[in-house]
There are 2 protein chains.
Amino acid sequence: MTVSERGPRERMVFSAAQLIRRDGVSSAGMRDVAVHAQAPRGSLQHYFPGGKEQLVNEAVGWAGRYAGDRVARFVAALPEPKPSALFAEMVRQWTDEYRTTGFEGGCPVAAATVDCAESTESTREAASAAFTTWSGSVAQALAELGVPEERTEALATLMIGTLEGAILIARADRDVRALTTVSRELGPLLDAAVDSAG
Amino acid sequence: MTVSERGPRERMVFSAAQLIRRDGVSSAGMRDVAVHAQAPRGSLQHYFPGGKEQLVNEAVGWAGRYAGDRVARFVAALPEPKPSALFAEMVRQWTDEYRTTGFEGGCPVAAATVDCAESTESTREAASAAFTTWSGSVAQALAELGVPEERTEALATLMIGTLEGAILIARADRDVRALTTVSRELGPLLDAAVDSAG
DNA sequence: CTACTACTATGACGGCCGTCATGACCGGTG
DNA sequence: CACCGGTCATGACGGCCGTCATAGTAGTAG
């Protein structure tokens, strides 16, 4: 949330992600990004000669890395090392934000996919890579929690997909119920995948 | 897909949904809608005096009703009356489209949520209503399949959320794998909810 | 000092957008 | 016939957008 950290370039990438996840890619103007990042407008063309496309792609990549790092930190700090606890923590990040800050924004990767998957190939690839990064982090966490290797990828996809969908519904409803519901319903299935021999 | 059916007004609503689910709300121009619907541009202001906002909201509502009707028809024609079969059928609608027509479009309700949830209150409400309609239809179907009443709503939310997220990932990856994965992984959990006394 | 690079500033351009104003068409009714 | 309401057609307006051109300002190396 703090804007003043780091250089202006990183601030602009961060601000782009913020604006994209709020109103979608097309509604996030370059001028808005500069203002939000408290960066000079002229710096946009200097740091991002590839234009808006480059800025959006970097914002999506940043979001993917952020989500992956977050998962890695979650799994290291779980009170109970169970897959359901990891998923609950991933969901809680969103319920916390929605309860305290309001339902302003969704997932920037989802927004980029919706707005650019068909029109801008490079952005679709960036979104795919972001999902892959995120999913890889979740799969590794599941492995550390005792899920057999051959199931970690599938369950990671299930967790991320379910989370993304619940975010959508929660934002439409302005109600975190969808998030808490999927966390509660999916938990037992995830824990059931833990190798009992572990 | 056929454009010539029905009156120009319905065609425009249908075309709006098509364009929205392809490129997002902001990228779907009013002129594009008229062209896609093979309708005169002048008719837009006649049938939709509320402007683009009204058109988008009606498109979202149409999508919600369409999805709900679809579920009702699915459940009546299931070879095996199990919740997992219903979910598999809901997923198959998307894998079929992606395999035959390509990954052009996602869910219009998701697109409207991403692009308008924060900026246009009425559209957010329309999206929420669409999810509610859809979810209600799924919940009723689950009840008919033997799921206890107190769990139908939660499982319907889980199914729709998971499907929406998987659509996102599949479109980003240009690969139906996410869809087939969630169908396979979620199936057992859904069937386990069937009242064994039924 | 000069020269050069990195960064900042600002105005303009062309394009697309949603909306509106205006008027034509056309079937039916009086 | 005149009239009129539903429908279609078209051009214009103002606004925002991404991009570009141009010029300015450090700060630093030679």
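Below, each value reflects all heavy atoms present in this structure, side chains not excepted, and no hydrogens, waters or symmetry copies. Fair warning: this is a prediction, and the values are worked out from it, not measured in the lab. Naming convention: chains lettered A, B, ... in sequence-line order (proteins, then strands); numbering from 1 in each chain.
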Asker: Classify the ring geometry of A:Phe14 against A:Trp62: parallel below 30°, tilted from 30° to 60°, perpendicular beyond 60°.
Answerer: perpendicular
Asker: Given atom CD of A:Gln38 and atom P of C:dA9, what is their separation to the nearest angstrom?
Answerer: 13 Å
Asker: Could you tell me whether the side chains of A:Ser119 and B:Asp23 share a donor-acceptor contact shorter than 3.5 Å?
Answerer: no
Asker: For the residue pair A:Gln93 and A:Glu97, confirm or rule out a side-chain donor-acceptor distance under 3.5 Å.
Answerer: no
Asker: Output yes when B:Arg21 and A:Glu118 qualify as a salt bridge under the 4.0 Å nitrogen-oxygen rule, no when they do not.
Answerer: no
Asker: Which one, C:dA21, C:dC17, C:dT8, comes nearest to the side chain of B:Gln45?
Answerer: C:dA21
Asker: Under 4.0 Å from any atom of DNA chain C, heavy atoms only: list the residues of residues 46-60 of chain B that qualify, in numerical order.
Answerer: B:Gly51, B:Lys52
Asker: When we call it a touch if two heavy atoms are under 4.0 Å apart, what does B:Ala34 touch: a base, just sugar-phosphate, or nothing?
Answerer: nothing
Asker: Please state how far atom CG in A:Leu44 lies from atom P in D:dA21, giving the value in whole angstrom units.
Answerer: 17 Å
Asker: In whole Å, what is the span from the CE atom of B:Met30 to the P atom of D:dG11?
Answerer: 19 Å
Asker: Please state whether the base of C:dG11 and the side chain of A:Arg41 form at least one donor-acceptor pair under 3.5 Å?
Answerer: yes
Asker: C:dA9 P sits how many Å from A:Arg31 CZ, rounded?
Answerer: 15 Å
Asker: Over how many whole Å does the gap from A:Asp32 atom CG to D:dG18 atom P extend?
Answerer: 8 Å
Asker: Can you classify the ring geometry of B:Trp134 versus B:Phe131 as parallel (below 30°), tilted (30 to 60°) or perpendicular (above 60°)?
Answerer: parallel
Asker: Taking only side-chain nitrogens and oxygens of B:Ser43, does any of them come within less than 4.0 Å of OP1 or OP2 of D:dT7?
Answerer: no
Asker: Indicate whether the side chain of B:Ser122 and that of B:Glu53 have a donor and an acceptor atom separated by less than 3.5 Å.
Answerer: yes
